[in-house]
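When a ligand or atom number is given, it counts from 1 through the structure's own listing order. In this text the structure is predicted, and so the values were computed from the model without any measurement.
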Amino acid sequence: MEKPYNKIINGKLVIFSAPSGAGKTTIVHKLLESDLGLEFSVSAASRPKRQNEVDGKDYYFISVKDFKEKIKNEKFLEWEEVYKDHFYGTLKSEVERIWAKGHHVIFDVDVYGGINIKKYYKQKALAIFVMPPSIKHLEQRLRERSTESEENLSKRFEKAEHEMSFAHEFDRIIINDNLETAIAEAKEIVTEFLNKKEEKAS
Ligand code: ADP
Ligand code: 5GP
C-alpha cells in the first residue's frame with residue numbers, strides 16, 4: 001500500500017475485528033461513549049442501510065458502481081468485498097479527518113481488513129479480535145439481531161469459521177461471553193495502549 005500521509009501525526013489506531021455476530025459493534029459503541037478520545041472511522045459500504053442505521057454515521061452508503069469508482073481512484077486505505085456485491089472499505093480521508101481533529105481512530109472492520117490496517121500502521125495500531133464463546137453463540141446472536149435475510153445469514157455463518165482461524169494474527173483476543181466483562185476488558189486494553197509511549201518503528 002502506498003503511504004497516504006507524510007506529515008508527523010501522533011494519533012493512534014484501534015482496530016476491532018471479528019466474524020459477524022461476535023459483538024464487535026456493540027463493544028466499539030461502548031468505547032466511543034467512554035472518554036478515551038476515540039472517533040469512529042466511518043467506512044464506505046455498498047450494502048443496503050439497516051433501519052436503525054444513519055448514513056454518514058454508521059457507514060457512507062454508496063452504490064456498487066460508486067464503490068468501484070473509488071477503488072479506481074485509489075480512495076481506499078483498504079477495501080474488501082466482504083460478501084458478494086457487499087463492498088466495504090476504509091477511506092484514506094477518514095484517518096486524515098480524525099487525526100486532524102487530534103483524536104484516535106477506532107475501526108470496526110472485517111478480519112482481513114483488520115490485518116491489513118495493522119500491517120500498514122504497525123505499532124501505531126492495536127488490533128483486537130473479538131471471539132464469540134462458540135460458533136453456536138455467534139449464530140444465535142446473529143439470528144436474534146434480526147437484521148439479515150436467511151441468505152445473508154448463511155453467507156455470514158459460512159465465513160465465520162475461516163475468519164476465526166486468523167485470531168492469532170491479532171495483538172489481543174477478547175472473548176465476548178459476558179458482555180460487561182468483555183467491555184471492561186476492552187476498556188482496560190485500549191486505555192493501556194493509548195497511554196503507552198510510542199516505541200520506535202522497526
Ligand atoms: P458484530 O458487530 O460483531 O456483527 P454485534 O455487536 O452487532 O456484532 O452483536 C451481534 C448481536 O449480539 C447484537 O444483537 C448484540 O446485541 C448481541 N450481543 C453482543 N454481545 C453479546 C453478549 N456478550 N451476549 C449476548 N448477546 C450479545
Ligand atoms: P455489517 O454488514 O454487519 O455492518 O458488516 C459486515 C462486515 O464488514 C463486518 O465484519 C464489518 O466489520 C466489516 N466492515 C465494515 N467496514 C469495513 C471496512 O471498512 N473494511 C473492511 N475490510 N471491512 C469492513
- Determine, stepwise, if the pair Arg47 / Glu53 fulfils salt bridge (charged side-chain N to carboxylate O under 4.0 Å, His left out). CA-CA 12 Å; Arg47 72 151 165 77; Glu53 289 178 325; 2.8 Å; yes

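Residue Glu53 has no N or O atom closer than 3.5 Å to an N or O atom of ligand 2. Residue Gly89 has at least one nitrogen or oxygen atom sitting less than 3.5 Å from a nitrogen or oxygen atom of ligand 2, judged on distance alone. For ligand 2, the polar-atom distance check against Arg50 finds a nitrogen or oxygen pair separated by under 3.5 Å. For the pair Trp79 and ligand 2, the shortest N or O to N or O distance does not fall below 3.5 Å. For ligand 2, none of its N or O atoms has an N or O atom of Ser20 under 3.5 Å away. Looking at Glu148 next to ligand 2, no N or O pair under 3.5 Å apart turns up. For Leu142, no nitrogen or oxygen atom sits less than 3.5 Å from a nitrogen or oxygen atom of ligand 1, counting backbone and side chain alike. Between Asp177 and ligand 1, at least one N/O pair is under 3.5 Å apart. For a threshold of 3.5 Å applied to N or O pairs, the pair formed by Gly23 and ligand 1 contains at least one separation below that value. Between Tyr59 and ligand 2, at least one pair of N/O atoms sits closer than 3.5 Å.
Within ligand 2, the atoms closer than 4.0 Å to a non-hydrogen atom of Glu80 are 22 (N), numbered from 1 in the order shown. Of all the atoms in ligand 2, the ones that sit under 4.0 Å from a non-hydrogen atom of Arg47 are 1 (P), 2 (O), 4 (O). In summary, the atoms of ligand 1 found under 4.0 Å from a heavy atom of Pro19, numbered by their order in the structure, are 3 (O).
Residue Ser20 places a heavy atom less than 4.0 Å from ligand 1. Judged by the shortest distance from any of its heavy atoms, Ala182 lies outside the 4.0 Å radius around the atoms of ligand 1.
By the criterion of side-chain heavy atoms lying less than 4.5 angstrom apart, applied directly or through intervening Ile, Leu, Val, Met, Phe, Trp or Tyr residues, Phe107 is not grouped with Tyr59; the two fall into different hydrophobic clusters.
For atom 23 (N) of ligand 2, the closest heavy atom belonging to the protein is Asp110 N, 3.0 Å. Scanning the protein heavy atoms around atom 7 (C) of ligand 2, the nearest turns out to be Val82 CG1, 4.0 Å. From the protein, the heavy atom lying nearest to atom 20 (N) of ligand 2 is Glu78 OE2, 2.7 Å. The shortest contact between atom 19 (O) of ligand 2 and any protein heavy atom is with Ser43 OG, 2.6 Å. Annotation: atom 12 (O) of ligand 2 to nearest protein heavy atom, Asp108 OD1, 2.9 Å.
Salt-bridge check for Lys49 with Asp55: failed, with every basic side-chain N at 4.0 Å or more from each acidic carboxylate O.
With hydrogens and angles disregarded, a donor-acceptor distance shorter than 3.5 Å links the side chain of Lys118 to the backbone of Lys122. Panel note: side chain Thr181, backbone Leu179; no donor-acceptor pair is recorded below 3.5 Å. Put simply, the side chain of Asp171 never gets that close to the backbone of Ile128: no donor and acceptor are under 3.5 Å apart. Formation of a donor-acceptor pair under 3.5 Å by the Glu169 side chain with backbone atoms of Phe166 is not found in this model.
Counting only non-hydrogen atoms, the option in Tyr88, Tyr60, Tyr112, Tyr83 that gets closest to atom 2 (O) of ligand 2 is Tyr88. Here atom 15 (C) of ligand 1 lies nearest to Thr26 when heavy atoms of Thr26, Asn178, Thr25 are compared. In this structure, of Gln140, Lys30, His137, Arg141, the residue bringing a heavy atom nearest to atom 24 (N) of ligand 1 is Arg141.
Between the OG atom in Ser43 and the CG atom in Asp108 there is a gap of 7.5 Å [rounded to 0.5 Å]. Note that CE of Met164 and CD1 of Ile135 are 4.0 Å apart. Values are rounded to the nearest 0.5 Å.
Neither the backbone nor the side chain of His86 comes within 4.0 Å of ligand 2, counting heavy atoms alone.
Between Glu148 and the options Lys155, Arg50, Arg141, Arg143, a salt bridge (charged side-chain N to carboxylate O under 4.0 Å, His left out) holds for only Arg50.
Ring orientation note: the planes of Tyr112 and His162 are tilted relative to one another, at an angle of 30° to 60°.
Val64 and Asp85 make their closest contact through CG2-O, 3.6 Å (heavy atoms, listed as atom of the first residue, atom of the second, distance).
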